[in-house]
Novice: 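Structure below; questions to follow.
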Amino acid sequence: MSKLDIETELNGPQIEAVRAIEGPVLIIAGAGSGKTRVITFRIAHMLEKGIPQSSILALTFTNKAAREMESRVKELTGRKLTQLTVHTFHAFGLKILREEIEILGYRKNFSIYDESDKIQLIKDSLRDCRISPEGVDLYKLSQIFSNIKEGRLRWSNTSGTVPVADSVWEPVYREYQDSLKIFNALDFDDLIIIPIMLFEEHGEILRKYRQRYRYIMVDEFQDTSGTQYRMMKLLADNNICVVGDDDQSIYSWRGASYENIMNFEKDFPGALEIKLEQNYRSTTTILEAANGVIANNTNRKEKKLWSGNDGGNAIELMTPENETEEASIIAGEIRTLKLQENLRYSDFGVLLRTNSLMRTIEEAFLAEDIPYKVSGGTSFFQWKEIKDILSYLRVIANPDDDVNLLRIINTPRRGIGKASVERISALAKKNHSSIWDAMVRVRHAVNAGEGQELFQGEDLPERSAESGKHDIGDFVSLIEFYRDEILGRRSPLNEKWTLSKKVHSLIDKINYWGHLLSEYSKNEKVARWKYTNLEYLIQLIERWEQNPDNLDPGLYAYLNRISLITRDDGETENSGKVNLMTIHAAKGLEFPVVFIAGAEQGIIPHERSLESPAENGKAGDHSPPEDGEENREVNPLEEERRLFYVAITRARDKLFISSCRRRRRLRDVVDCVPSPFIAEIPEGLVTEHQEEKVVDNPETAQNYFALLRRRLAETAGDC
């Protein structure tokens with residue numbers, strides 16, 4: 001890479017950041033200011049200057065970001081990067097432990113426990129301490145253990161500043177830690193905590209890594225936790241460069257602290273500060289709105305984003321009557337803009353503060369045949385209870401669907417155990433048939449008294465010990481009955497029953513409510529909530545059936561619609577899917593058109609953030625922070641404002657903000673107040689959204705339909 005390349009490709013502050021490779025450097029990189037570009041050019045510049053790959057360490061927060069960074073450096077330099085270290089913090093911690101952990105008495109082939117492994121070990125530790133796991137919130141206890149490890153909680157108040165955990169759990173924690181050591185295992189927190197221990201207790205190990213990595217860079221520095229900052233501080237000698245934006249610090253609920261930017265200036269005095277304020281993403285209108293909002297935060301680095309993309313469309317404020325109208329307007333606007341401006345579905349981002357707002361928008365997208373993908377939350381159609389019923393419907397539509405049949409063969413439990421499933425699967429494999437075909441053969445053989453002959457003398461546990469019922473036969477008969485009923489061959493229930501009513505009958509027939517009660521015997525509220533989701537599924541089917549534009553309200557048509565959402569069918573470059581996501585999940589992304597839905601008081605800012613720092617909400621629909629999170633001096637309202645700022649700056653060209661006048665909360669309909677952040681957008685940048693008007697000008701209408709025909713022709717050509 002030549003000097004001319006840098007000066008041609010980068011602006012002034014970016015060039016300064018790339019060339020400042022000696023000493024501590026703090027780069028304040030505003031949204032859309034090209035920080036990834038700066039980091040990759042900086043690494044390439046170091047390599048050009050003769051710095052060995054093995055001396056460079058770049059730390060980031062996701063594996064995807066690490067892969068992208070390494071790929072872009074390869075593209076810039078044309079070199080193989082076999083010795084360059086680009087890792088997440090946890091992956092780097094793992095790298096250290098693979099080399100050094102034996103000094104702590106572990107073997108090098110240690111295991112890493114994921115959250116489910118951790119929960120199981122906590123259960124075992126409770127039992128070892130003679131405490132019943134029943135009634136214990138295991139997830140919360142897991143978080144308490146994490147906070148103890150990371151220093152956000154202590155068992156006793158020795159300093160007066162760190163909150164204290166309930167000491168009843170201390171013996172369980174010690175048993176948990178001892179068990180990890182016995183099983184030669186680490187949990188996720190250990191990947192950061194134990195390397196710090198190694199550095200602090202074994203000076204020779206710290207010196208080894210300081211000598212190896214003489215040039216360190218940290219991306220998304222505002223997202224570093226206290227322990228990650230300690231690791232970095234221990235490892236860094238002098239040539240340390242951190243890149244971040246305190247205005248985009250939105251992860252305090254998982255330990256991140258934007259104050260690490262302030263700490264960096266204290267711990268590395270004389271650090272060179274460079275601000276990247278030119279935004280290459282958004283229009284001036286969008287940036288002025290973002291600047292106006294974030295200026296209301298007091299604890300921040302002063303900066304003001306600007307863009308060479310002058311002007312831009314006014315931000316449109318939508319005030320629908322309720323969430324149903326909100327979703328309908330968003331879906332309609334997406335359809336219109338896609339057609340008029342030749343956009344792909346993937347050019348649209350619909351951003352939400354919480355996962356719970358997604359369901360109504362999903363319904364509207366289904367009604368309009370708009371493909372979408374969910375990020376940062378779980379699609380309604382991916383919830384277990386919904387997947388179970390959809391699997392029944394898919395098996396009814398196609399009994400040879402082995403995947404869905406195996407999902408429901410014993411859900412709810414009907415006495416078809418693992419032994420039965422294994423033998424039926426073996427029979428299907430032997431006959432090169434589907435599992436359904438094998439089950440039909442079993443039913444016929446059992447009814448004819450030939451079950452043992454079919455399985456070469458082995459017993460098939462085809463009858464329930466309690467009822468004596470033929471469970472496999474009953475299951476086959478159930479599917480056959482509803483296959484005839486739903487597909488319309490006959491209607492033993494009621495000829496006038498619609499698909500939605502037949503699905504309701506199926507749910508009752510299999511006693512899914514009883515299944516939920518048995519699964520959640522200690523929390524009927526969860527069972528009721530899940531059954532309410534099934535009732536909502538029935539409502540969705542009913543609305544779809546009643547749509548006057550729906551010419552085929554049958555099962556196959558409905559399943560095809562759901563498949564658009566639930567199956568990863570590979571996005572086509574020409575259309576893609578609308579991005580429906582939480583604001584947290586949207587960080588780092590950008591879209592030509594963005595909708596911020598649910599911009600109301602109590603949603604953003606979230607109602608928990610208005611109570612106290614200790615009640616600061618987590619991303620999506622998670623529970624409030626666990627014990628000890630109040631230790632961080634976080635202003636919840638300012639973090640919510642940073643979330644709104646992040647949402648605004650995801651938009652490149654057009655931004656729509658929606659605030660409903662009323663919204664359903666559980667079983668009630670409540671009046672809503674617009675988010676106070678909307679009022680912080682400078683005057684003159686926001687206009688009221690106008691509903692699409694009927695085209696009454698013949699020439700305009702002719703041009704519109706000519707455009708429509710051209711789009712249809714292009715679509716046909718892609719097929």
Novice: Taking side chain as C-beta onward, heavy atoms only, is V218 less than 4.5 Å from V243?
Specialist: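 A side-chain contact is absent here, since even the closest heavy-atom pair is not under 4.5 Å.
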
Novice: May I ask you to say whether E316 pairs ionically with K654, meaning some side-chain N is under 4.0 Å from a carboxylate O?
Specialist: no

Novice: Hey, could you give me the CG/CD distance between L287 and E277, rounded to the nearest 0.5 Å?
Specialist: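 Result: 11.5 Å between the selected atoms.
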
Novice: Would you kindly say whether N398 and D401 are connected by a side-chain donor-acceptor distance under 3.5 Å?
Specialist: no

Novice: Pick one: which of E70, E75, E68 meets salt bridge (charged side-chain N to carboxylate O under 4.0 Å, His left out) with R72?
Specialist: E68

Novice: For Y345, does the six-membered ring have the charged nitrogen or CZ of K338 within the cation-pi criterion, i.e. under 6.0 angstrom from the centroid and within 45° of the normal?
Specialist: yes

Novice: Any side-chain heavy atom of R641 sitting closer than 4.5 Å to one from N296?
Specialist: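 Of all side-chain heavy-atom pairs linking N296 with R641, at least one is under 4.5 Å.
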
Novice: Any sub-3.5 Å donor-acceptor pair from T285's side-chain atoms to L685's backbone N or O?
Specialist: no

Novice: Residues two or more places apart in sequence or in another chain: which of them pass side chain to side chain donor-acceptor pair (under 3.5 Å) with K64?
Specialist: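 Partners of K64 under the side chain to side chain donor-acceptor pair (under 3.5 Å) test: none.
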
Novice: Under a 4.0 Å threshold between the charged nitrogen and the carboxylate oxygen, would R300 count as salt-bridged to E302?
Specialist: yes

Novice: Is the shortest distance from a Lys or Arg side-chain nitrogen in K384 or D388 to a carboxylate oxygen in the other one below 4.0 Å?
Specialist: yes

Novice: One pair to check against salt bridge (Lys or Arg N to Asp or Glu O under 4.0 Å): K587 and D223. What are the steps and the verdict?
Specialist: CA-CA 11 Å; K587 188 170 177 291; D223 292 337; 3.3 Å; yes

Novice: Kindly write out the residues that satisfy salt bridge (Lys or Arg N to Asp or Glu O under 4.0 Å) with E385, not counting sequence neighbours, or none if the list is empty.
Specialist: K530

Novice: Tell me whether D246 is salt-bridged to K303, with the criterion being a basic N under 4.0 Å from an acidic carboxylate O.
Specialist: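 So D246 pairs with K303 through a salt bridge.
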
Novice: Among residues at least two apart in sequence or on other chains, which ones pass side chain to side chain donor-acceptor pair (under 3.5 Å) with N11?
Specialist: Q278, Y280

Novice: Decide if the gap between the ring center of F61 and the ring center of F89 is smaller than 6.0 angstrom.
Specialist: yes

Novice: Please identify each residue that fulfils side chain to side chain donor-acceptor pair (under 3.5 Å) with Y536, with sequence neighbours left out.
Specialist: E363

Novice: Under a plain distance cut-off of 3.5 Å, with no hydrogens placed, do E326 and S658 share a side-chain donor-acceptor pair?
Specialist: yes

Novice: I'd like to know if the side chain of R650 and the backbone of V646 have a donor-acceptor N/O pair within less than 3.5 Å.
Specialist: yes

Novice: Nearest 0.5 Å, please: how far is CG in N635 from CG in N297?
Specialist: 7.5 Å

Novice: Between K35 and D219, is there a salt bridge with N-O shorter than 4.0 Å?
Specialist: yes

Novice: Which residues satisfy the side chain to side chain contact (heavy atoms under 4.5 Å, CB included) test with S375, sequence neighbours excluded?
Specialist: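 Checked S375 against side chain to side chain contact (heavy atoms under 4.5 Å, CB included); matches are M581, A585.
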
Novice: Please identify each residue that fulfils side chain to side chain contact (heavy atoms under 4.5 Å, CB included) with R652, with sequence neighbours left out.
Specialist: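 R281, E590, P592.
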
